[in-house]
There are 2 protein chains.
Amino acid sequence: MRKFDDSLPLQLLKAREAAMSFFRPLLQEYAVTEQQWRILRALDEYQELESKQLAERCCILSPSLTGILNRLEQVGYIQRRKSSEDQRRSCISLSEQGRQLVDTLSPQVEQRYKQLTDSLSQQKLEQLSTLLHELSQLRSL
Amino acid sequence: MRKFDDSLPLQLLKAREAAMSFFRPLLQEYAVTEQQWRILRALDEYQELESKQLAERCCILSPSLTGILNRLEQVGYIQRRKSSEDQRRSCISLSEQGRQLVDTLSPQVEQRYKQLTDSLSQQKLEQLSTLLHELSQLRSL
DNA sequence: CAGTGGTGCTTAATATATTAACAAGTGGCC
DNA sequence: GGCCACTTGTTAATATATTAAGCACCACTG
């Protein structure tokens, strides 16, 4: 039978752990979690997003998102407003404080990201990115 | 700046989600979690392992492992014994019931794994595996 | 306009992840 | 033997992940 270590999900997990080891110390220094940073990063790029879009882009399920957004709101990094057309939807955006954090952290994150990509070569990185994208499209029937 | 969706950790996360979508329904049907299955799978392959080795191979931190092993022991899938030479270490192994579960589930998991790999082509899979392994070796200085 | 199905988000309950602190066991060293 | 540094495993506290329920709001339809 196929060996345990050959499991694709496990390989993906280990690869991600290695990649995250580049950023964890930095994020911890600023007291934001990995997931919180994904949210902040997405909001920085898309200005204002609904919860559902945020969940989709950040790969976070809505029940988790509820808690994360509550905490981010409490420390003052984001703000919400109810959509005027649809009372169910809430639109999330960065607060001034949140934007400041992103502006401060982003360059440092980018620097470490470069260390990471340089360690692997540009070509392999693109190759990997392509394969990962292809895999992401797959769904069990 | 680099786009949000280009983030390697996020790509790895999404790829893993896609891959796991092939197995989640099956695992849920047998009421075992993803992590519990990793443990059982590892124990099936290595007979008996110490907690630390298990944590290493399954990519699970010790505090999480403590809880997972407690639950697996309670439902009767594993058993522990203290190492005779070193009273700190505990050796974990599959119980008869645990072995039965693995024997029942493994073929079905393999079947879905084949669906997954067939969807991607053998060549790309090997290519991906190689790149992931290389990435896994990297560590932030 | 009440009824109905569907959507967006939250709650609840349980299982993990993550960091720090701790408790106990081991080995070396004086 | 007693002190010490180190290792193994656990506990504690907080943040997420996952599935199932629930609740409010929306659009549609009779």
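First the proteins, then the strands, lettered A, B, ... as listed; each starts at 1.
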How many Å lie between CG on B:Asn70 and C1' on D:dT11, as a whole number? 11 Å
I'd like to know if the side chain of [X] reaches the main chain of [Y], judged simply by a donor and an acceptor atom lying under 3.5 Å from each other, with no hydrogens or angles considered.
| X | Y | result |
| --- | --- | --- |
| B:Thr104 | B:Gln100 | yes |
| B:Ser119 | B:Gln115 | yes |
| B:Gln36 | B:Thr33 | yes |
| A:Ser95 | A:Tyr77 | yes |

Opening and closing nucleotides of DNA chain C in contact with chain A, under 4.0 Å to non-hydrogen atoms: C:dG6 to C:dA20
Using a cut-off of 4.0 Å on non-hydrogen atoms, how would the nucleic acid contact of A:Ile60 be classed: base, sugar-phosphate, or nothing? sugar-phosphate
Using a heavy-atom cut-off of under 4.0 Å over every strand shown, decide if A:Ile68 touches base, sugar-phosphate, or nothing. sugar-phosphate
Any luck finding a side-chain donor-acceptor pair between B:Ser64 and B:Gln35 under 3.5 Å? no
In a table with atom names and distances, give each donor-acceptor pair under 3.5 Å that connects a side chain of residues 53-63 of chain A to protein atoms at least two apart or in another chain.
residue	atom	partner	partner atom	Å
A:Gln53	OE1	A:Glu50	N	2.9
A:Arg57	NH1	A:Tyr46	OH	3.1

Using salt bridge (charged side-chain N to carboxylate O under 4.0 Å, His left out) as the criterion, list what pairs up with B:Lys114, not counting sequence neighbours. B:Asp118
Tell me every residue that passes salt bridge (charged side-chain N to carboxylate O under 4.0 Å, His left out) with A:Asp103, counting only those two or more places apart in sequence or in another chain. none
The answer to which of A:Gly67 and A:Glu85 contacts DNA chain D further toward the 5' end, by nearest nucleotide, is A:Gly67
Salt-bridge contact B:Asp44-B:Arg41 (side-chain N to carboxylate O under 4.0 Å): no
Using a strict threshold of under 4.0 Å (side-chain N to carboxylate O), is an ion pair present between B:Arg16 and B:Glu34? yes
Within residues 24-37 of chain A: residues closer than 4.0 Å to DNA chain D (heavy atoms): A:Thr33, A:Gln35, A:Gln36
Given protein heavy atoms under 4.0 Å, the one-letter contact record of nucleotides 4-9 of chain D, with B base, S sugar-phosphate only and - none, is simply ---BSS
